[in-house]
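Below is one structure, written out as structure tokens, with a few remarks after it.
Every heavy atom of this structure was used, including side-chain atoms; hydrogens, water molecules and symmetry mates were not.
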Amino acid sequence: MLGSLSIPAATAGFAESAGPAAAAQELAAQAAALPSGRTTYRTITDYNDEMLALSTQHPGLVKHITLPHKTRQGREVYGIEVTHDVDASDGKPVLFMMGMHHGNEWPSGEHTLEFAYDLINNDGKDPRITRLLDQARVIFVPVVNVDGFMLNRRTSCGVSPTCASSAGVDINRNYPFGWGSNAGSNATTRGPGPGSEPEIQNVMDLTSANQVTVLITNHTSGHTLLRPPLEKRAGDAPDEAAYAALTDAMAAKNGYTGMKSGFDYETTGETPDWSYYATRGLGFTFEIMKTQSTNNTYPEVIEDYLGTGRYEGKSNREAFMVALEYAADPAGHSVITGQGPKDAVLTITKDFDLWTAPIKQAGSVIDPPIAVPTHLESRLITPTNGKFTWHVNPSVRPAPAYTETGVVATGPGQFLKESWTLTCARPTGEVLETVHVTVDRGEKVDVRLQECKTRFNGNGPKN
């Protein structure tokens, strides 16, 4: 049983087919079960056209988004959001899924967009999916590194307008948290500074402005499912128990090997470590398929997504469903409830510094860590009755291993008891009340905002 959807199983892998005609016939049969019906890899035009078409064909369910930063070569980066009443400011928790930080890892984009099709096609038909789209919002960015994808290479174009190979940046080594140790990179491929590249600024902006309770960045290859830490010396994440449990639950569905990322190979400056230590949402890397090459591998893309052929009974889409279930579950994040005046603008913010690693330069020079100011800000519009339920990440932040003084492993259970700053304002921006909300994982806090209600309705002093 692969979940609530009926997924046809193949009796043999494509490699076992009896010749080209049989292989083509089997591919067509399995592709009919793939949510989009694809049988070949997409181009950037395919990705962009399909996302736009999905938003046009499913108003109220799918919203097309343009990310704020163009690539170094001036290309737009697009995505979609999927949930019921998608244009509403509704306080739902978010699953954020993306592909192709590395432009030559084509299957990572395919699985990202296929899961979007899966949710869209089965909304209203499958009770599980319908329920989850009531409870959560899903953001998809299938191609993060558009320049690299256009050139079929791992790196982005970096700062070079000609996109010379020597100027490329591995944008999955450019995230600020722990940047600069050169584990798994060097002074060129890590980028000129922490968070310098527009592609990862897009990801950080989306993550910082939404309550992303689970983040998945898809890559290839190796059938591993990775969680922090990226470097062994950083020690286990403060939420290691929750991280390990969700890793195991997802790996049970797709057959991948779940592990701490640093025990696969050590790096720094990757997406999941930054997102976790910035937001406390759980971030993961999925290394899709066992084949690295993108030539003639689309049959494996299909089999790995559906759990057919050589991956019989182990479906990546079912692992994605487990992630979505967790993202929607209040036990895995925090909830702020309350009552304010209708149409008030509620904003929660946090400001703190994250730190790079001690920065390795040429000639065995090691510069001190750099502070990276980090700002989180999300908004909610109160509904007509004024009652709101806002699913958020905990204000209580994981104690980071990368610090002003260097790398100091913290370990499970080590947290900073910080608070969200919540403001209640008129639509004009005039702030009427400010409160501080301290909330941990699995907790719910009620905020009444009586002063805001009084002043919003004209019964109290105005600034």
Requested in this report: Verify side chain to side chain contact (heavy atoms under 4.5 Å, CB included) between L52 and Y78, making sure each step is shown before the conclusion.
Outcome: CA-CA 9 Å; L52 188 59; Y78 299 112; over 6 Å; no
Report task. Assess whether ring pair (Phe, Tyr, Trp, His ring centres under 6.0 Å) is satisfied between Y276 and Y243, documenting all intermediate values. Result -> CA-CA 10 Å; Y276 169 67; Y243 247 132; 5.2 Å; yes
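No side-chain donor from either of E110 and Y305 sits under 3.5 Å from a side-chain acceptor of the other. D304 and H223 form a side-chain donor-acceptor contact under 3.5 Å, judged by distance and modelled atom types alone. Between the side chains of D170 and S185, no donor-acceptor pair of N or O atoms lies under 3.5 Å. When only modelled atom types and interatomic distance are considered, S315 and R317 share no side-chain donor-acceptor pair under 3.5 Å. Looking at N48 and T45, their side chains never bring a donor and an acceptor atom within 3.5 Å of each other. Remark: the H69 side chain and the N202 side chain contain no N/O donor-acceptor pair separated by less than 3.5 Å.
Here the CG-OG1 distance, from N182 to T188, works out to 9.5 Å after rounding to the nearest 0.5 Å.
In this structure, the side chain to side chain contact (heavy atoms under 4.5 Å, CB included) partners of T410, at least two apart in sequence or on a different chain, are P238, A399, Q414. With sequence neighbours excluded, the residues that form a side-chain hydrogen bond (donor to acceptor under 3.5 Å, both in side chains) with T217 are H101, H219. Here T291 pairs with E300 under the side-chain hydrogen bond (donor to acceptor under 3.5 Å, both in side chains) rule; sequence neighbours left out.
A cation-pi contact, defined as under 6.0 Å to the ring centre and within 45° of the axis, links R280 to F415.
Ring to ring, F320 and F286 are close: their centroids are under 6.0 angstrom apart.
Looking at R441, R397, R227 one by one, the single match for salt bridge (charged side-chain N to carboxylate O under 4.0 Å, His left out) with D239 turns out to be R441.
A salt bridge does not link D147 to R72: none of the charged nitrogens lies less than 4.0 Å from a carboxylate oxygen.
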